[in-house]
Amino acid sequence: MILPAPAPTTATTASTIAIRPAQEDEVDSIVELAQAAYRGTGGWTTEAHLVSGTRTDSSEVRAMIADPAVTLLVAVLTPSETARDDAESERPADGTVGHDHGDDATASHDHSNDRNSSDDGADSTDGTDGTDGTDGTDGTDSTIVGCCYTRREPADADGLARAELGLFAVHPSAQSRGLGRRLLTAQSDHLQRAGVDLLMIRVLQSRPELHAWYERNGFVRTGVAVPFAGDPAGLQVEGLGMDVMERPLHEL
């Protein structure tokens, strides 16, 4: 599913973030991002203490990109022209780089093993991410720092159309800047235009901070719990399940 590219904006900060559909040549980066966010250390979204193993693999991500019912978005951080100009002006005479500029996140990212479901890779704050606008294009030295997919489902017996949210990941180095909210908003806006009524997510149990984040962002608990969606052998807490939460996308 190809979304229209956001309008360009002038880069006034050290970097810009573009939220746009994932591309085929970004599969490996998305897999690494998911592993860092779900299974790595240093970020508040990690579930390494609850689930072991890999979150996703390249074949699954490629299938998402190819599936017309799926919208897989990535957040791409690109050094702005201003930042590159500043870096050039501070380059030592011998051609070496004096120091780093901008919000560069590491390219090593990864997440958890709940196939086709997610507990979240979102960030914990309600603020903005500290970057301006998006130009919808890849630039030199760009880094994927976030992703999430939605999968649209056929309408149910009551005529309600749902979409599942998953593979929701923000790299630990880019968390707590509002990027998760931006990804969620981009997906919600797209689904609203597509006529989807409810956005659904399965949230790993024993993660009250994730439940609270989703509640702050319009999700409500349905009271339904389902088994863990990945390989049960990866669970470090026996019997751990997932709670279903939903967010209405318009008045029902």
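As the structure is a computational prediction, the values presented were derived from the model and not from experiment.
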[X] side chain to [Y] backbone, donor-acceptor under 3.5 Å:
{"X": "E215", "Y": "R221", "answer": "no"}
{"X": "T56", "Y": "V31", "answer": "no"}
{"X": "Q187", "Y": "C148", "answer": "yes"}
{"X": "T222", "Y": "V244", "answer": "yes"}
{"X": "D67", "Y": "A69", "answer": "yes"}
{"X": "R151", "Y": "V70", "answer": "no"}
{"X": "Q175", "Y": "V170", "answer": "yes"}
{"X": "R202", "Y": "P227", "answer": "no"}
{"X": "Q205", "Y": "G241", "answer": "yes"}

Supply the atom-to-atom distance [X] [atom1] to [Y] [atom2], rounded to the nearest 0.5 angstrom.
{"X": "L204", "Y": "L240", "atom1": "CG", "atom2": "CG", "value": "4.5 Å"}
{"X": "H211", "Y": "S206", "atom1": "NE2", "atom2": "OG", "value": "8.5 Å"}
{"X": "L184", "Y": "R247", "atom1": "CG", "atom2": "CZ", "value": "4.5 Å"}
{"X": "T71", "Y": "L165", "atom1": "OG1", "atom2": "CG", "value": "11.5 Å"}
{"X": "M200", "Y": "D197", "atom1": "CE", "atom2": "CG", "value": "13.5 Å"}

Work out which heavy atom in [X] is nearest to a heavy atom in [Y]; give both atom names and the distance.
{"X": "G180", "Y": "F168", "value": "O-CZ, 3.2 Å"}
{"X": "T54", "Y": "R39", "value": "O-NH2, 4.4 Å"}
{"X": "T46", "Y": "G40", "value": "OG1-O, 2.6 Å"}
{"X": "V76", "Y": "R20", "value": "CG2-NH2, 3.4 Å"}
{"X": "I19", "Y": "A186", "value": "CG2-CB, 4.0 Å"}
{"X": "V74", "Y": "A22", "value": "CG1-CB, 3.8 Å"}

Next item on the list: Run the salt-bridge test on E60 and R62 with the 4.0 Å N-O cut-off and return the result as yes or no.
Entry: no
Next item on the list: Determine, stepwise, if the pair N217 / R181 fulfils side chain to side chain donor-acceptor pair (under 3.5 Å).
Entry: CA-CA 8 Å; N217 285 276; R181 174 165 291 177; 2.8 Å; yes
